Amino acid sequence: MKFGLFLELSVSRPATPEAEVRVFRHSVEDAVLGDKLGFDHVWVVEHHFLAEYSHSGAPEVLLGALANATERIRLGHGVVVCVPEINHPVRVAERIAVLDILSGGRVDFGTGRSSTWTELGGFYADPDRTKQSWSEYVETIPRMWASPLFSHEGVTFSIPERQILPRPVQQPHPPMWVAVSSPGTEIDAAERGLGWLGVNFSGYDALAVRIEKYRDIMADLELDSFRHKNNTVHTVNFLYCHEDADHAAERGGKLATEFQYLADQNLHTREVVVTPSYPTLGGIPTISQRDAGSEKTKGVPEGACVGTPDQIVETIERWQSIGVDGINFIINSAEVLDADEVRQSMNLFAEKVMPRLKSGVVTMAGA
Amino acid sequence: MPLDGVNQIDLSRAGRLSRELSKSPTPQMPATVLQLATEAPAEVCRSLLPSALHPVNPGVLVIMAYEVAATAERGSFRTVEVGIQCRAGARARRYVVGAAIDDPSIAADMETRWGYVSTVADIKLERRYERIDLTVAADHTVLRASLLGPEPVTPAAVMYVAGLRPTVYRDEPWIAQFERAFEISRADRGRPLVSEFDSLWWTGGETPGLSATEPISGSFTRADVTLNPTRFLIAPGQPRSADTRRLADVIG
């Protein structure tokens with residue numbers, strides 16, 4: 001089982017320069033701590049214009065700093081918005097390669113297409129074409145890295161013959177992922193040999209069915225030698241680990257509620273654009289609430305990694321039992337938690353949860 | 001903290017909630033429905049929303065026009081509403097800042113049975129091959145808008161969200177949720193164009209700066225529309241509370 005950190009860089013209003021500096025500084029410190037504690041990945045998202053929810057407009061710069069500040073943790077650049085108006089594909093290939101060189105081959109490359117009108121409309125991008133451009137990016141970027149000379153005459157972009165430089169350290173290329181939220185994207189992922197980077201929450205049963213479908217397609221998939229097959233499922237979750245269950249539920253619930261609240265202020269493409277290309281709202285929302293317990297557990301989604309070490313082990317084992325290979329954690333949102341308590345939570349998780357799940361032995365949930 | 005609305009509900013413009021409110025849905029009304037979404041100035045949108053509602057980012061203006069067919073129980077009429085896309089808690093909603101109906105008896109009925117206040121105006125919804133034109137005129141033209149280049153699209157691509165309206169019960173302001181059900185048989189989409197928009201008229205003289213800035217998207221559908229009874233009320237003055245209550249719990 002792999003564990004990662006998912007850095008959204010949420011900044012509470014008013015987003016003063018001091019607040020932004022603090023959030024960025026804490027994010028670097030959290031990543032460095034994660035590196036020392038044995039977390040496997042740190043993902044830095046890419047978002048534009050999403051006030052409060054994410055001020056991570058230039059993740060490649062932050063990841064460059066993390067490449068220098070960490071030693072072993074893998075650096076998730078993602079998801080990169082694969083839309084020409086936002087990121088030219090050659091620039092994406094170049095910066096992934098540079099980051100891979102600087103980090104000593106520690107990059108994971110996440111791909112996606114954005115689910116908000118806030119972002120797509122801000123760049124005058126056409127929501128009808130984002131799936132097409134994403135598909136073209138994930139098809140061509142590995143070829144850019146593999147070909148001495150590359151040219152492409154495509155639908156969403158074209159490039160005359162050029163050398164795309166530099167090349168990544170990892171061979172044939174850094175592991176590639178796609179953000180999976182809408183049902184059906186797992187099929188798109190499997191058909192292209194991409195890892196499943198979960199970015200929203202769903203119930204155990206619904207996810208199990210989708211993972212089975214993903215694995216079935218992956219099993220039969222054959223790729224060209226210059227393509228890396230990443231048959232891996234990572235989901236997203238909240239993390240708040242504390243020895244006191246009620247305290248964990250109260251603080252974890254606050255984290256989850258704040259995060260969802262901020263996410264829901266964004267303008268989903270599905271909501272205002274008449275298009276079959278965005279069948280669901282996408283993104284992180286749709287968290288089922290666990291309201292049955294005490295007032296303290298209100299806001300804690302089912303399946304969230306919120307609780308005591310024992311409770312979290314049980315939760316993760318259940319995710320593991322349906323085929324999840326890794327979990328990326330949202331550890332804070334707009335600093336609704338103090339930096340110190342975030343680190344205490346990470347420390348406790350590393351001390352009492354990680355060792356029991358890193359062995360590769362799965363015990364059945366609740367056994 | 002997400003941004004909250006800052007508006008105080010003007011009780012003189014709010015619909016009255018009473019025991020005369022409809023307790024059953026209307027029969028299905030065959031209708032054509034035009035929906036136009038454009039971006040709008042964020043601060044103006046926020047200024048129109050009560051504290052309990054949150055603006056979306058960016059601000060969005062939505063114009064909805066219905067032309068109910070002559071075969072409907074009450075015969076043909078047209079209505080247009082202007083709304084601000086928003087959030088009630090985490091839910092996508094539309095706060096209706098102004099509405100027009102071209103039939104005085106329907107307007108009166110809507111106010112009595114749904115607490116939905118509208119102004120009587122001349123409304124024209126005209127379908128042409130390459131565009132659908134909407135015009136609303138009171139003593140002058142207060143709205144001229146179009147859906148350009150309509151092209152067929154799967155009905156599933158169209159999304160309608162529930163509306164919210166300012167209402168009053170026992171001199172206390174409330175926000176009433178206004179719910180309609182749509183069975184769409186045909187849908188077209190296109191590009192919205194708003195060429196004339198009288199912000200003061202639509203906002204009851206309250207706000208001059210509401211305008212359509214960047215076009216987003218629009219649709220034109222044939223649908224059977226049902227107007228459902230009011231079920232939910234929101235206390236308007238509580239930022240971020242999502243204090244939604246059942247109508248029955250408030251007015252009995």
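In what follows, chains are A, B, ... by sequence order, proteins preceding strands, each numbered from 1. Owing to the predicted nature of the structure, the values given are computational and were not obtained by experimental measurement.
Here the straight-line distance linking atom CD1 of B:I216 with atom CG of A:L120 works out to 11.5 Å at 0.5 Å rounding. Atoms CG and OG, on A:D128 and B:S217 in that order, are 8.5 Å from each other to the nearest 0.5 Å. Expressed to the nearest 0.5 Å, how far OH of A:Y278 lies from CE of B:M159 amounts to 15.0 Å.
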- request: Decide yes or no on side-chain contact (heavy atoms from CB on, under 4.5 Å) for B:R87 and A:Y261, but give the supporting numbers first.
  value: CA-CA 10 Å; B:R87 298 287 181 266; A:Y261 226 89; over 6 Å; no
task: Go through the steps to decide whether B:V60 and A:L267 satisfy the test side-chain contact (heavy atoms from CB on, under 4.5 Å), and finish with yes or no.
output: CA-CA 9 Å; B:V60 172; A:L267 186 62; 3.3 Å; yes
Worked check of side-chain contact (heavy atoms from CB on, under 4.5 Å) between A:Q265 and B:L3: CA-CA 9 Å; A:Q265 309 309 307; B:L3 282 179; over 6 Å; no
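Salt bridge annotation for B:D4-A:R13: absent, with no cationic side-chain nitrogen under 4.0 angstrom from a carboxylate oxygen.
With a 4.5 Å cut-off on non-hydrogen atoms, B:A37 touches chain A through its side chain but not through its backbone. Heavy atoms of B:V158 lying under 4.5 Å from chain A belong to its backbone as well as its side chain. Only the backbone of B:P215 comes within contact range of chain A, judged by heavy atoms closer than 4.5 Å. With a 4.5 Å cut-off on non-hydrogen atoms, B:Q35 does not touch chain A at all.
A 6.0 Å sphere centred on CD of B:Q8 holds no more than 12 heavy atoms belonging to other residues, nucleotides or ligands. The environment of B:R127 atom CZ is dense: over 12 non-hydrogen atoms of other residues, nucleotides or ligands sit within 6.0 angstrom. When the shell of 6.0 Å around CZ of A:R343 is examined, it contains more than 12 heavy atoms from other residues, nucleotides or ligands.
The two residues A:P276 and B:A157 have their closest heavy-atom pair at N-CB, 3.8 Å.
Between chain A and the residues B:G218, B:P55, B:P58, B:A156, the largest count of heavy-atom pairs under 4.5 Å involves B:P58.
A donor-acceptor pair under 3.5 Å links the side-chain atoms of A:T118 to the main chain of B:N57, judged by distance alone.
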